Novice: 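Starting off with a structure, shown below.
Below, chain A is the first sequence line, B the second, and so on; all start at residue 1. Because only heavy atoms are used, hydrogens play no part in the values below, and waters and symmetry mates are left out as well, while side chains stay in. Treat the numbers as computed from the prediction; the structure is a model and nothing was measured.
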Number of protein chains: 2
Amino acid sequence: MTNGNAEPGEGKGAKSTLASSVYQQLRDDLLRGALEAESKLRVEWVVSRYGAGASPVREALNRLAAEGLLGRHDQRGFFLMPVSAVELEELTRTRCWLEERALRESIAHRNAEWEEQLVLALHRLARAERRLPEDPATNNPEWEKLHRAFHRALIAACGSHWLIGFCDQLSDQASRYRLISQNAPGMGRDEIGEHRVIAERTLDGDADGAVEALLNHYRLTAAMCMERFAQGYDPKAGAAKARRR
Amino acid sequence: MTNGNAEPGEGKGAKSTLASSVYQQLRDDLLRGALEAESKLRVEWVVSRYGAGASPVREALNRLAAEGLLGRHDQRGFFLMPVSAVELEELTRTRCWLEERALRESIAHRNAEWEEQLVLALHRLARAERRLPEDPATNNPEWEKLHRAFHRALIAACGSHWLIGFCDQLSDQASRYRLISQNAPGMGRDEIGEHRVIAERTLDGDADGAVEALLNHYRLTAAMCMERFAQGYDPKAGAAKARRR
DNA sequence: ATGAAGTAGAATCTCGACAAAAAAGCTGAT
DNA sequence: ATCAGCTTTTTTGTCGAGATTCTACTTCAT
């Protein structure tokens, strides 16, 4: 299943290598929280799932491990990076540090082009459906994409592709946590409103206000994930720290 | 990222895989600026240089590319990341942002263990020779290691392994620039003194003072590199934008 | 029972050869 | 001379088999 062989029509017209194709698919599945059952990732399993030889699969796994989405032990293969409450806290804290700096720099160096891209990203996000129309229980992958695009547009003018890359990396991790914990449905949260406030204050040049709104946005999301974590997550994979009595 | 792996066995006794061995050696050579002549990195060349098959070499190259030390284009192989003045400026700026945050957090959460590790790192750095005794023209690799260890010890208590990893990554890049431009010999610069001031203010809990000293330290180094760059570096390898597709 | 040593099975990692693609070289017409 | 189009050469990316290492299980002695 899901054995979308490397058809020439996949995604864009660019001729990708098999390793890149596996990398992309596996990364999507990881961020989607689609395979959090087992901690270990046998290469043979990946091979049979994505339909590629061992060599390209290993290359893809090496990339993902270098990015921090997977772990690796020499002679012992690859494994899914464990999730835990303390990790989520640390992740959120780091993310707030970096995104605050990035947003302030972006606002300081704002220009017309960047502002237009931001309102565009907000508009697209507002138009998208939060959940899948046919199945309101699961998230809409398209919305996830646009959500990422919006937060990326916010910091796009910060003037450092390094910082943008780091924020992307942390965004990936946060995505994984959000979708693993099956982000609760709304619960009276005005998602689009939060994003709109962030964008408005940013466009107004109100750096302090924008940062405050952005950080609260992240912290609220993290808190909701944490809730689901504490009650519902089964730490059989070994993510548990010292939670038993 | 996750480059500064503290645990997996590079030290001794642990049997590493060939891919990891090539990764380590090639990374050292990159940071040493030992092979900046040609922009392209043919895998056959790497194979014959480090004596390993194509598969482990490709895995190592994939890791380095994911870390940002190499570049990669599908179906077109790997290449050394080009260096340029604007890149150096952007790198330094980003580094100052992240290291300032990391140092402030470290100072805020300081404890006895961390302080002791810091004075230890400073002591070892002060004892090491800046240049090689037998050949005072080239840098001492041992000193480079201790230098990195010192700056790492400074931020070790910041409470985020993510932030530490990012700083390590930027430190790698900075190392590369410093050693490519054959960091000028002293020129009246009191290197150990600068580090001592940083450590003293840090241990005193003087966050503002420590940050000021640290950032000046980085900016001065960058400025000296930039000088060498502007006059002596031959941009044939591609300081300019690389050709598309 | 408990624990240590040894063995069978499974997984990782590596090598060499092959296929696919890109770069370089060549011919010939404008 | 120049450039398009074809051929040759080089390089990348992929596959399948085999060697090495880890893991789980059995056996035996304390």
Novice: With a 4.0 Å cut-off on heavy atoms, is B:A19 in touch with a base, just the backbone sugar-phosphate, or nothing at all?
Specialist: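 Here B:A19 touches the backbone only, sparing every base.
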Novice: Can you check the A:F78 CZ to C:dC13 C1' distance for me, whole Å?
Specialist: 10 Å
Novice: Side chains of A:S21 and A:Q25: any donor to acceptor distance under 3.5 Å?
Specialist: yes
Novice: Specify the separation, in whole Å, of atom NE2 of A:H73 and atom P of D:dT21.
Specialist: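 Taking atom P of D:dT21 as the reference, NE2 of A:H73 is at 18 Å.
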Novice: Starting at atom CZ of B:F79, determine the distance to atom P of C:dA22, rounded to an integer number of angstrom.
Specialist: 16 Å
Novice: What's the closest nucleotide to the A:R76 side chain, out of C:dA22, D:dC22, C:dC13?
Specialist: D:dC22
Novice: If we count only N and O atoms by modelled type, under 3.5 Å, do the side chains of B:Y23 and A:N62 hold a donor and an acceptor together?
Specialist: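 On atom types as modelled, these side chains do not qualify, holding no pair under 3.5 Å.
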Novice: Under 4.0 Å, counting only non-hydrogen atoms across every strand here, what does B:A54 touch: a base, just sugar-phosphate, or nothing?
Specialist: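 Nothing, no heavy atom under 4.0 Å.
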Novice: Nearest to the side chain of B:K15 - C:dA11, D:dT12, D:dT21?
Specialist: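 Of all the options, the side chain of B:K15 is nearest to D:dT21.
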Novice: What is the nucleic acid contact for A:L61, judged by heavy atoms within less than 4.0 Å: base, sugar-phosphate only, or nothing?
Specialist: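 Here A:L61 touches no strand at all.
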Novice: Taking the minimum atom-to-atom distance to the side chain of B:L18, which one of D:dC15, C:dC15, C:dT12 wins?
Specialist: C:dC15
Novice: Are A:R176 and A:E36 close enough for a salt bridge, meaning some N to O gap below 4.0 Å?
Specialist: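 Between A:E36 and A:R176 there is a salt bridge, with a charged N closer than 4.0 Å to a carboxylate O.
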Novice: When you match A:Q75 and A:T17 each to their closest nucleotide on DNA chain D, which lands nearer the 5' end?
Specialist: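 The 5'-side residue here is A:T17.
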Novice: Take the protein atom CG of B:D74 and the nucleotide atom P of C:dA20, then report the distance between them rounded to whole Å.
Specialist: 17 Å
Novice: Ignoring hydrogens, what is the shortest heavy-atom contact between A:S160 and B:E90? Give both atom names and the distance.
Specialist: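 Heavy atoms of A:S160 and B:E90 come nearest at CA-OE2, 3.2 Å.
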Novice: Rounded to the nearest Å, what distance is computed from the CZ atom of residue A:R72 to the P atom of nucleotide C:dT12?
Specialist: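 The distance from CZ of A:R72 to P of C:dT12 comes to 13 Å, rounded to the nearest Å.
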Novice: In whole Å, I'd like the distance from the CZ atom of B:R42 to the P atom of D:dT10.
Specialist: 11 Å
Novice: Which whole-number value in Å describes the distance from B:K40 NZ to D:dT12 P?
Specialist: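 Those two atoms, NZ and P, are 5 Å apart.
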Novice: What is the distance, rounded to the nearest whole Å, between atom CG of B:N62 and atom P of C:dT14?
Specialist: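 From B:N62 CG to C:dT14 P: 14 Å.
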Novice: Specify the closest pair of heavy atoms between A:A156 and A:I164, including all atoms of both residues, with the distance to one decimal.
Specialist: O-CD1, 3.8 Å
